[in-house]
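One structure is given here, and the rest of the page talks about it.
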Amino acid sequence: MSGEPTPETSVPEEAAAQKPSRAKAAKPAAPESDGAEATPKAAGKKAAKAKEEKPFEQEITEDVIPAAVAAFQKRGVEDLQLRLEGKTLLGSFAGGKKQFSVLFAEGSLNGRKFFRCATEGSPASTIESFMIDERRVDVNLLVFYLVQRLYAQQWY
């Protein structure tokens with residue numbers, strides 16, 4: 001601090017001259033990369049919209065139910081029965097002794113969801129929020145959470 005220049009304040013003239021040339025060299029490359037990336041992004045958005053346009057009931061019956069049955073079969077649950085009634089996905093296994101349901105309050109995978117379960121025909125004692133932190137829910141994520149929730153229940 002005795003008046004000696006610090007590395008930040010002492011900038012050689014050569015370095016100052018090089019900075020603008022680097023900026024000029026970088027500018028032409030940026031528009032080329034932006035133009036090349038714009039097409040795949042737009043195509044990805046269109047594909048995502050096309051995927052989301054599937055009606056809720058159709059998505060549950062064609063995508064969620066088969067994926068959930070396959071996921072549970074991998075874990076040894078062979079008699080899983082799933083059906084959609086309105087906005088509720090009802091499931092049972094172990095000869096009907098273990099029952100659960102996922103209520104889609106807004107009729108959408110991305111809307112609010114609630115979970116309940118019961119054993120041996122007793123009424124569900126608790127209804128709880130389900131997947132509350134997830135903003136973008138797809139079929140695989142929903143099945144993953146369902147498998148994890150029932151595993152936490154120690155049902156399989």
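Since the model is a prediction, treat every value here as computed from it, not as a measurement.
- Annotation: ring-ring contact (aromatic ring centres under 6.0 Å, His included) contacts involving residues 120-144, sequence neighbours excluded, comprise F115-F130.
- Residue pairs meeting the salt bridge (Lys or Arg N to Asp or Glu O under 4.0 Å) criterion with at least one member in residues 99-117, sequence neighbours excluded, are E106-R112.
- The hydrophobic cluster containing L90, built from Ile/Leu/Val/Met/Phe/Trp/Tyr side-chain heavy atoms closer than 4.5 Å, comprises no other residue.
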All N/O donor-acceptor pairs, side-chain side in residues 80-88, below 3.5 Å, sequence neighbours left out:
from	atom 1	to	atom 2	distance (Å)
R83	NE	E85	OE2	2.8
R83	NH2	E85	OE2	3.3
K87	NZ	A105	O	3.3

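- Within the structure, every pair that satisfies the salt bridge (Lys or Arg N to Asp or Glu O under 4.0 Å) test and touches residues 62-75, not counting sequence neighbours, is listed here: K54-E62, K54-D63.
- Taking the ring-ring contact (aromatic ring centres under 6.0 Å, His included) definition, one finds that F114 meets it with nothing, sequence neighbours left out.
- Pairs of residues two or more places apart, or lying in two chains, that qualify as ring-ring contact (aromatic ring centres under 6.0 Å, His included) and include a residue from residues 61-91 are F72-Y156.
- Considering only residues two or more places apart in sequence or on other chains, Y145 meets the ring-ring contact (aromatic ring centres under 6.0 Å, His included) condition with none of them.
- Partners of Q73 according to the side chain to side chain donor-acceptor pair (under 3.5 Å) rule, which considers only residues two or more places apart in sequence or in another chain, do not exist here.
- Note on residues 126-135: pairs passing salt bridge (Lys or Arg N to Asp or Glu O under 4.0 Å), not counting sequence neighbours, are E128-R149.
- With sequence neighbours left out, the side chain to side chain contact (heavy atoms under 4.5 Å, CB included) criterion links S108 to N110.
- Take D138 and apply the salt bridge (charged side-chain N to carboxylate O under 4.0 Å, His left out) test, not counting sequence neighbours, and it matches no residue.
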